[in-house]
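See structure below.
Worth knowing before you read on, the calculation uses all heavy atoms, side chains too, and leaves out hydrogens, waters and symmetry mates. In what follows, chains are A, B, ... by sequence order, proteins preceding strands, each numbered from 1.
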Amino acid sequence: MNQPAENPNESEHKNFIEVEVERDFASKAALQGRSIQTRFPPEPNGYLHIGHAKSICLNFGLAQRYGGKCNLRFDDTNPSKESQEYVDSIMTDVRWLGFQWDGLYYASDYFQQLYDWAEQLVREGHAYVCDLNAEQMREYRGTLTEPGRNSPFRDRSVEENLDLLERMRRGEFPEGTRTLRAKIDMAAPNFNLRDPVLYRIMFSHHHRTGDDWCIYPMYDWAHGQSDSIEGITHSICTLEFENHRPLYDWFCKTLRIFHPRQIEFARLNLSYTVMSKRKLLQLVTEGQVSGWDDPRMPTISGLRRRGYTPESIRNFCETIGVARFNGTIDVLVLENAVRDHLNKIANRYMAILDPIKVTLTNYPEGQAEELEAVNNPEDPNAGHRALPFSRTFYIEREDFMENPPSKFFRLKPGGEVRLRYAYIIKCDEVRKDASGKIVELKCSYDPETRSGSGAASERKVKGTIHWVSASTAHCVEVRLYDRLFQSESPEEAAEGKTFLDNINPNSVTAITAVIEPALASLPSGTRVQFERNGYFCIDEKDSKPGEPVFNRIVTLRDSWAKIAAK
RNA sequence: UGCCCCGUGGUGUAAUUGGCAACACAAGGGAUUUUGGUUCCUUUAUUCUAGGUUCGAGUCCUAGCGGGGUAGCCA
């Protein structure tokens with residue numbers, strides 16, 4: 001139950017893509033006897049982000065739901081921006097999200113086939129070599145209201161085109177001097193049909209094909225045919241490719257090859273987040289963040305390092321749905337998804353982020369005892385642990401107020417609180433330093449109230465707070481992460497500013513926290529709840545054995561903050 | 001300015017292709033609670049506008065308004 005991502009067949013609502021897919025299989029002759037085939041087609045020019053996760057969940061989810069297959073295909077047609085590092089990171093991230101591709105392919109696998117098809121187009125009078133440079137081509141293309149004009153090279157003979165194309169491929173012409181273009185319609189209202197470029201000359205080293213090629217196919221010339229070769233039945237992509245669909249269809253039809261159906265959906269936008277690879281790259285290269293996997297980044301690697309679980313990301317993608325409306329999802333939805341999952345699986349511990357020392361004046365000096373704590377109230381199998389208790393310990397600074405409002409249920413002068421899993425204490429005295437800062441609380445405890453020790457211990461007080469015994473405490477680095485951007489729509493920068501000006505200057509705060517001993521020996525990557533505080537993950541990069549560094553994944557919901565704000 | 005797409009509670013998605021507008025999150029209220037967490041109950045609130053077709057329109061048609069995409073030898 002409550003694992004819709006794992007049991008997509010049980011989700012009640014079909015999204016519009018599923019509706020279309022079912023309709024296609026029910027009605028299209030070409031699909032009879034076939035099962036669905038999808039693909040996730042990233043360009044390896046950056047790291048995957050949460051928006052890609054939506055696409056991954058969609059494509060792999062469709063294949064799972066309908067018993068078909070999903071390939072991973074790298075759209076590696078522009079070697080000047082692509083690299084093996086990105087290929088590797090993408091495979092890591094897709095696997096981490098919990099998906100296994102059926103076929104692993106590269107558009108570059110199809111370079112020769114694509115070239116053969118280009119020759120076919122030329123032979124059939126559907127393509128020509130054009131000598132216009134980039135600027136001229138723009139002029140000839142026309143504008144939104146004016147049709148374009150035919151290139152002066154549009155009517156070259158088949159023989160000449162074949163010869164020129166071959167010589168382009170052999171490297172006889174400098175970069176930018178010639179292109180191969182489809183011969184469609186320079187007056188088409190859709191720009192993509194105004195004789196689009198198929199091949200450009202680029203003397204770039206390709207991460208897979210090396211220096212075999214010096215002409216590279218454009219996206220439009222590569223994508224649909226790659227889909228066709230792989231027998232993709234449904235080619236799912238984002239809305240900005242919608243205007244390309246007529247071209248996609250034109251290529252399949254003109255080449256007389258298997259014709260996948262392209263269906264577009266709205267890409268994910270998240271509040272307080274930027275989602276373009278270009279901008280994410282800029283954050284990385286300008287050192288605004290520590291790397292693609294900085295825990296503040298919306299990249300898969302960043303979310304992973306932050307402590308997000310694959311399940312929570314998949315559930316998030318399920319929650320937000322899919323449509324053709326271009327909206328923005330509140331980051332709260334993502335944060336809720338990880339809270340929801342972590343609540344079920346994360347063991348609880350006690351840690352003090354901003355300590356005040358407390359001394360129990362009536363607790364014998366030198367005495368110590370061990371209390372039993374529940375590891376996870378949501379998971380009976382998580383067991384118990386021993387919690388050391390003694391005369392001095394730390395509590396959270398914000399759990400004490402000298403002059404509290406009436407609804408404040410925590411410690412106050414003369415007031416009582418329950419120490420979680422321990423005793424009820426009363427604050428008798430407040431000690432301050434010269435500046436007026438509270439340095440220590442002198443309290444007394446009620447020995448009858450030890451948790452679980454019988455009827456007398458059942459006495460109720462309004463508040464329960466967490467604590468860490470001083471003698472056995474460890475000090476560790478904790479990084480408190482907040483949103484990377486302080487603006488809901490970071491891209492909407494004021495006049496003369498950029499999205500970088502919307503960066504939250506307090507998106508990370510490193511502090512030293514006091515933790516209970518059990519927390520000190522957990523392996524890297526472990527996710528825990530600091531009781532009453534939030535979920536934290538032991539950083540896999542910066543932690544050392546016995547010296548964990550904690551990343552705050554997300555805070556707990558805080559209804560006190562709402563009350564206090566009033 | 002041409003072309004294409006999209007407008008359903010605050011947000012995101014549904015609504016058996018014309019038949020009682022629903023779900024989740026958020027917000028408000030309450031219960032439970034040795035985490036002001038979790039859980040449970042509950043309240044508020046929705047079809048962009050104007051026409052048209054129809055017994056009946058969120059759904060179909062027309063116009064308007066609003067939003068997005070599009071003039072790379074990027075993907």
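When atom types are taken as modelled, the side chain of A/Arg418 and the backbone of A/Ala422 share a donor-acceptor pair closer than 3.5 angstrom. Side-chain atoms of A/Asp330 do not come within 3.5 Å of backbone N or O of A/Val333 as any donor-acceptor pair.
The distance between atom CZ of A/Arg73 and atom P of B/A75, rounded to the nearest whole Å, is 13 Å. We find that CG of A/Leu132 is positioned 11 Å from P of B/C73, with the value rounded to whole Å. Between A/Asn190 atom CG and B/G72 atom C1' there is a gap of 15 Å when expressed in whole angstrom units. Rounded to whole angstrom, the span from the NE2 atom of A/His49 across to the C1' atom of B/A75 amounts to 12 Å. Rounded to whole Å, the distance from CZ on A/Arg194 to C1' on B/G72 is 15 Å. Here the P atom of nucleotide B/G72 and the CD atom of A/Gln136 are 15 Å apart, to the nearest Å. Rounded to whole Å, atom C1' of B/U70 lies 13 Å from atom CG of A/Leu193. Look at CG on A/Leu239: it is 17 Å from P on B/G67, rounded to the nearest Å.
A search for side-chain hydrogen bond (donor to acceptor under 3.5 Å, both in side chains) contacts involving A/Tyr110 returns A/Glu230, not counting sequence neighbours. Listed by chain and number, the residues in a ring pair (Phe, Tyr, Trp, His ring centres under 6.0 Å) with A/Tyr219 are A/His223, A/Phe241 (sequence neighbours excluded). In this view, A/Phe251 and A/Trp221 satisfy the ring pair (Phe, Tyr, Trp, His ring centres under 6.0 Å) rule, not counting sequence neighbours. Here A/Glu378 pairs with nothing under the side-chain hydrogen bond (donor to acceptor under 3.5 Å, both in side chains) rule; sequence neighbours left out. Considering only residues two or more places apart in sequence or on other chains, A/Glu369 meets the salt bridge (Lys or Arg N to Asp or Glu O under 4.0 Å) condition with A/Arg450. Every residue was checked against the ring pair (Phe, Tyr, Trp, His ring centres under 6.0 Å) condition with A/His466, not counting sequence neighbours, and none meets it. Listed by chain and residue number, A/Tyr445 satisfy the side-chain contact (heavy atoms from CB on, under 4.5 Å) test with A/Pro447 (two or more places apart in sequence, or in another chain). Residues passing the side-chain hydrogen bond (donor to acceptor under 3.5 Å, both in side chains) test with A/Asn269 are A/Asn326, sequence neighbours excluded.
Comparing B/C40 with B/C25, their P atoms are spaced 9 Å from each other, to the whole Å. Taking the P atom of each, B/U8 and B/U46 are spaced 14 Å apart, rounded to whole Å. Look at the C1' atom in both B/G19 and B/U59: the space between them is 11 Å, to the nearest Å. Taking atom C1' in both B/U35 and B/G29, the straight-line distance is 23 Å, to the nearest Å. Across B/G68 and B/A63, the matching P atoms stand 22 Å from one another, rounded to whole Å. Taking atom P in both B/U11 and B/C48, the straight-line distance is 13 Å, to the nearest Å. The same atom, C1', is picked in B/U13 and in B/U49; the two are 24 Å apart, to the nearest Å. Comparing B/A45 with B/A22, their P atoms are spaced 13 Å from each other, to the whole Å.
Across all strands shown, A/Ser80 has no heavy atoms under 4.0 Å from either base or sugar-phosphate atoms. Residue-level contact check: A/Pro79 touches neither bases nor backbone, having no heavy atom under 4.0 Å from any strand. Note on A/Leu180: nothing from the nucleic acid sits closer than 4.0 angstrom, heavy atoms only. The residue A/Tyr199 sits apart from the nucleic acid: no heavy atom pair falls under 4.0 Å. Here A/His466 lies out of heavy-atom contact (under 4.0 Å) with every strand. At a threshold of 4.0 angstrom between heavy atoms, the contacts of A/Asn243 include nucleobase atoms, whether or not backbone atoms are also involved. Residue A/Met202 is out of contact with every strand shown, counting any heavy-atom pair closer than 4.0 Å.
Of the charged side-chain nitrogens involved, at least one lies within less than 4.0 Å of a carboxylate oxygen, so that A/Arg208 and A/Asp109 count as a salt-bridged pair.
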Close N or O pairs between protein and nucleotides 9-14 of chain B (under 3.5 Å):
from	atom 1	to	atom 2	distance (Å)
B/G12	OP1	A/Thr328	N	3.4
B/G12	O2'	A/Ile320	O	2.7
B/A14	OP1	A/Val322	O	3.1
B/A14	O2'	A/His13	ND1	2.4

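B/G52 has its base anti relative to the sugar, with a glycosidic angle deviating from 0 by more than 90°.
The aromatic rings of A/Tyr216 and A/His206 sit parallel to each other, their planes meeting at less than 30°, with 60° as the upper class boundary.
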With B for base contact, S for sugar-phosphate-only contact and - for none (protein heavy atoms under 4.0 Å), nucleotides 34-49 of chain B reads BBBBS-----------
Produce a footprint string for nucleotides 59-65 of chain B: one letter per nucleotide, 5' end first; B if the base is under 4.0 Å from any protein heavy atom, S if only the sugar-phosphate is, - if neither. -------
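Side chain to side chain, A/Ser83 and A/His207 fail the donor-acceptor criterion of an N or O pair below 3.5 Å. Checking A/Glu516 against A/Tyr349 by side-chain atom types alone, no donor-acceptor pair falls below 3.5 Å.
Here A/Lys277 does not reach the OP1 or OP2 of B/C74: none of its side-chain N or O atoms lies under 4.0 Å away.
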For RNA chain B, the dot-bracket notation using Watson-Crick and G-U wobble pairs below 3.5 Å, [ ] for pseudoknot-type crossings and | for other-strand pairs, is .((((((..((((.....[..)))).(((((.......)))))....(((((..]....))))))))))).....
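Residue-to-nucleotide proximity on RNA chain B shows that, of A/Thr145 and A/Glu242, the 5′-proximal contact is made by A/Thr145.
With a 6.0 Å cutoff to the six-membered ring centre and a 45° limit on the axis angle, A/Arg73 does not count as a cation-pi contact of A/Tyr105. With a 6.0 Å cutoff to the six-membered ring centre and a 45° limit on the axis angle, A/Arg483 counts as a cation-pi contact of A/Tyr272.
Nearest nucleotide to the side chain of A/Pro189, out of B/C25, B/A75, B/C3: B/C3. Closest contact between the side chain of A/Arg138 and the listed nucleotides B/U1, B/C74, B/G72 involves B/G72.
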